[in-house]
Structures are given as structure tokens and as C-alpha cells.
Visitor: 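The structure's right below; bear with me while I get my questions together.
As a basis for the values below, the full set of heavy atoms in this structure was taken, side chains included, without hydrogen atoms, waters or symmetry mates.
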Amino acid sequence: MPASTQPSAVLPSASASTELVIGEDGLARPPWASQDQLLMDYYDTEWGMPIADERGVFERLCMEIFQSGLSWRLILQRRPLLRAAFSGFDVDAVAEFGDDDLERLMLDAGVIRNRLKISSIIKNARATIVLRESEPLHELVWSAKPQVTPRPTTVAEVPSSSEESRWLTKQLKARGFSFVGPTNLFALMEAIGVVDTHLVGSHRRGSSGVWPES
């Protein structure tokens, strides 16, 4: 990432968030991860943990694309079906999908049947293969890691994009990726540990090991 890019950060706070919800297990979580068991499990075990391999990053990128305009819970609920429909998000396999596969997926009730999203995922798989010749997808995404991570104490303080996600958008679009933008790429960065936007005081804050002092 260019050295001139400035890191994005929310000003730190000395106190923990008053918006955290203390569960029956005594653990503090944000409201979105406190009511639904599927979301709670995802928050406790996956969200924000480092993913730094090609297939893993590609799958999470695909999930963010599918989520656009929909609820994250729906995507998590459909994830096993999406994995089955897209060959486990194996990049080489998805890159070989043709028109017949596109029509098959449009008829699959387990898939988010949006032609533009499905087409973008196939296109992005092909672009991911090309990237291997220079800077692999996972390395490019992680090169957007800022110098400082946000320290939100309220939900309102959690950024929806950053200077780094805008930079990453330009990089990926220049390399042939589609349906990517500063918002869904920032969400990807949150999901795979590139940034830590757990509310201060959450039991997951700093748990990724990427930002242990955050």
C-alpha cells in the first residue's frame, strides 16, 4: 500500500462501550450479536479472526457481495448451500463456470439468485487467478491493513469504510474485479481481521492477535 495513505482510526476512549450487552454467560457483545444464536456463534468464533489464504479470502469476498442489500443472518444461514453451489468457493473451479452454470445457479433456490452478483463472483474468480502472477488476492487485501485500527465505543462510531478500503477498491477494480466498493471491502476487512472494529469492552476486542494492544 502506498506510504502516503493515511491510516483511518476512531479516537480512543478510556471507557468501555455502554452499548454492549452482557449475555447470560457474562460476556459483553454488541447488540447485533446478542439476540440471535446464529449471529452470536459467528461473532464469538469467526468474525474478525485472521483469514489470510486465497480461498478463504475469496469466499468471504463472495459472501460480502451476496450480502449487499440483504441481512448478514440470511447469508450465514445460506452459507452451506452457497458453498455447495459454488464448489466450496474453490477459485479454479468457479473460474471455469460458464453460461450453463450461471443458468443452473439462477434456478437454485439455495443461492442468492441475483444474476449480477453471480456473474461478478465468476468474473472475480478469473481475476483472482490472474492476480497470482503478481500479488495474490489474499496478499493484496492484507496490504490494506492500516497502521492503527478503529477503537469504537458505540455502534455509531464503527466506520462503514476507510481510506484503506477506498484504496483497495481502486486496486481490485483495476485488476478486473466487480461488485466491490469501499463499504463491502471494509466489511471484508473487518470479517477477516485486517481491522478490529469490536466495540471497546467486548470480550472479542483484540482476540484476533492482529491488534493485541487495541
Visitor: Heavy atoms only: give me the nearest Gly206-Asp196 pair and the separation to one decimal.
Guide: N-OD2, 2.9 Å
Visitor: If you look at every heavy atom in Leu82 and Val111, which pair is closest and at what distance?
Guide: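 Closest approach of Leu82 to Val111: CD2-CA, 4.0 Å.
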Visitor: Rounded to the nearest 0.5 Å, what separates atom CZ in Arg126 from atom CG in Asp92?
Guide: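 Rounded to the nearest 0.5 Å, the CZ-CG separation comes out at 12.5 Å.
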Visitor: Do Pro136 and Leu131 touch side chain to side chain, with heavy atoms closer than 4.5 Å?
Guide: no
Visitor: Mind running side chain to side chain contact (heavy atoms under 4.5 Å, CB included) on Leu172 and Leu137 for me, showing each step along the way?
Guide: CA-CA 9 Å; Leu172 290 177; Leu137 175 64; 4.0 Å; yes
Visitor: Does the pair Leu140 and Gln171 meet the rule for a side chain to side chain contact (heavy atoms under 4.5 Å, CB included), with working shown?
Guide: CA-CA 8 Å; Leu140 179 57; Gln171 299 304 310; 4.3 Å; yes
Visitor: Heavy-atom count check: over 12 atoms from other residues, nucleotides or ligands less than 6.0 Å from Glu96 CD?
Guide: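 Atom CD in Glu96 is not packed in, count stays at 12 or less.
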Visitor: With the side chain counted from C-beta on, respond yes when Ser119 and Leu102 share a heavy-atom pair under 4.5 Å apart, and no when they do not.
Guide: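 Yes, their side chains come closer than 4.5 Å.
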Visitor: Output the distance between atom OG (Ser160) and atom CG (Asn184), rounded to the nearest 0.5 Å.
Guide: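 Ser160 atom OG to Asn184 atom CG measures 11.5 Å (nearest 0.5 Å).
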Visitor: Quick one: do Phe179 and Leu70 end up in the same hydrophobic cluster if we chain Ile, Leu, Val, Met, Phe, Trp and Tyr together by side-chain heavy atoms under 4.5 Å apart?
Guide: yes
Visitor: State, with a plain yes or no, whether a side-chain heavy atom of Val200 is found less than 4.5 Å away from one of Leu20.
Guide: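 SC-SC contact between Val200 and Leu20 ruled out.
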Visitor: Is it true that Glu59 and Arg83 have a side-chain N and a carboxylate O under 4.0 angstrom from each other?
Guide: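 Salt bridge flag = yes for Arg83 with Glu59.
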Visitor: Membership question, hydrophobic clusters at under 4.5 Å side-chain separation (ILVMFWY): are Val130 and Ile121 in the same one?
Guide: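 No.
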Visitor: Can you confirm whether Asp99 is buried at CG, in the sense that more than 12 heavy atoms of other residues, nucleotides or ligands lie under 6.0 Å from that atom?
Guide: no
Visitor: For Ser68, does its backbone N or O pair with a side-chain atom of Lys117 as donor and acceptor, under 3.5 Å?
Guide: yes
Visitor: Where do Ser143 and Trp167 come nearest, in terms of heavy atoms and distance?
Guide: OG-CH2, 3.3 Å
Visitor: About how many Å separate OG of Ser87 and CG of Asp101, when rounded to the nearest 0.5 Å?
Guide: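 Atom-to-atom, Asp101:CG and Ser87:OG are 8.0 Å apart.
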Visitor: Using 0.5 Å steps for rounding, measure from the OG atom of Ser178 to the CG atom of Asn124.
Guide: 4.5 Å
Visitor: Output the distance between atom CD1 (Ile118) and atom CG (Leu105), rounded to the nearest 0.5 Å.
Guide: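 Those atoms lie 5.0 Å apart.
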Visitor: Using every non-hydrogen atom in the two residues, find where Thr128 and Phe58 come nearest and quote the distance to one decimal.
Guide: OG1-CD1, 3.9 Å
Visitor: Check this for me: does any side-chain nitrogen of one of Asp36 and Arg73 sit under 4.0 Å from a carboxylate oxygen of the other?
Guide: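 A salt bridge is present here (some side-chain N lies under 4.0 Å from a carboxylate O).
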Visitor: Can you check whether Phe186 reaches Pro159 side chain to side chain, under 4.5 Å on heavy atoms?
Guide: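 Touching, per the 4.5 Å side-chain cut-off.
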Visitor: In sequence, state the C-alpha distance, the side-chain angles, and the governing distance for Ser165 and Thr183, and then conclude on side chain to side chain contact (heavy atoms under 4.5 Å, CB included).
Guide: CA-CA 7 Å; Ser165 73; Thr183 300; over 6 Å; no
Visitor: If you define the side chain from C-beta out and look only at heavy atoms, does anything of Pro30 sit under 4.5 Å from Glu19?
Guide: no
Visitor: Shortest non-hydrogen contact from Gly201 to Ala28?
Guide: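 Shortest heavy-atom contact: O-CB, 3.6 Å.
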Visitor: Under a single-linkage definition using a 4.5 Å side-chain heavy-atom cutoff for Ile, Leu, Val, Met, Phe, Trp and Tyr, are Leu38 and Ile75 assigned to the same hydrophobic cluster?
Guide: yes
Visitor: Any salt bridge linking Arg79 with Glu46? Criterion: basic side-chain nitrogen under 4.0 Å from a carboxylate oxygen.
Guide: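 So Arg79 pairs with Glu46 through a salt bridge.
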Visitor: Linking I/L/V/M/F/W/Y whenever their side-chain heavy atoms sit closer than 4.5 Å, directly or via other members, would Trp32 and Met49 fall into one cluster?
Guide: no
Visitor: Quick one: are Ile51 and Asp53 in side-chain contact, heavy atoms under 4.5 Å?
Guide: yes
Visitor: Should the pair Arg115-Glu103 be classified as a salt bridge under the 4.0 Å nitrogen-to-oxygen rule?
Guide: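 Counted as a salt bridge, because a side-chain N and a carboxylate O are separated by less than 4.0 Å.
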Visitor: Is there a side chain to side chain contact (heavy atoms under 4.5 Å, CB included) between Val141 and Leu188 once you walk through the steps?
Guide: CA-CA 9 Å; Val141 171; Leu188 171 68; 4.3 Å; yes
Visitor: Give a yes or no on whether a salt bridge exists between Asp108 and Arg113, defined as a side-chain N under 4.0 angstrom from a carboxylate O.
Guide: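 Judged by the 4.0 Å cut-off on N to carboxylate O distance, Asp108 and Arg113 do not form a salt bridge.
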Visitor: Is the closest side-chain heavy-atom distance between Leu199 and Val158 below 4.5 Å?
Guide: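 In short, these two side chains touch, coming nearer than 4.5 Å.
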Visitor: Find out if a path of hydrophobic residues (ILVMFWY) with successive side-chain heavy-atom gaps under 4.5 Å connects Ile129 to Leu61.
Guide: yes
Visitor: Could you walk me through whether Glu157 and Arg151 pass salt bridge (charged side-chain N to carboxylate O under 4.0 Å, His left out), step by step?
Guide: CA-CA 8 Å; Glu157 287 180 350; Arg151 286 182 53 85; over 6 Å; no
Visitor: If you compare all heavy atoms of Arg78 against all heavy atoms of Gly110, which two are closest, and at what distance to 0.1 Å?
Guide: CD-O, 3.4 Å
Visitor: Salt bridge or not for Arg29 and Asp44, using N-O below 4.0 Å?
Guide: yes
Visitor: Under the ring pair (Phe, Tyr, Trp, His ring centres under 6.0 Å) rule, what pairs show up with a residue in residues 188-209, not counting sequence neighbours?
Guide: Tyr43-His198, Trp47-His198
Visitor: What residue pairs, at least two apart or across chains, pass ring pair (Phe, Tyr, Trp, His ring centres under 6.0 Å) with a residue in residues 67-94?
Guide: Tyr42-Trp72, Phe66-Phe86, Phe86-Phe89
Visitor: Roughly how far apart are Leu39 CG and Ser34 OG, rounded to 0.5 Å?
Guide: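 Nearest 0.5 Å value for the CG-OG distance: 10.0 Å.
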Visitor: Between Lys170 and Pro182, is any pair of side-chain heavy atoms under 4.5 Å apart?
Guide: no
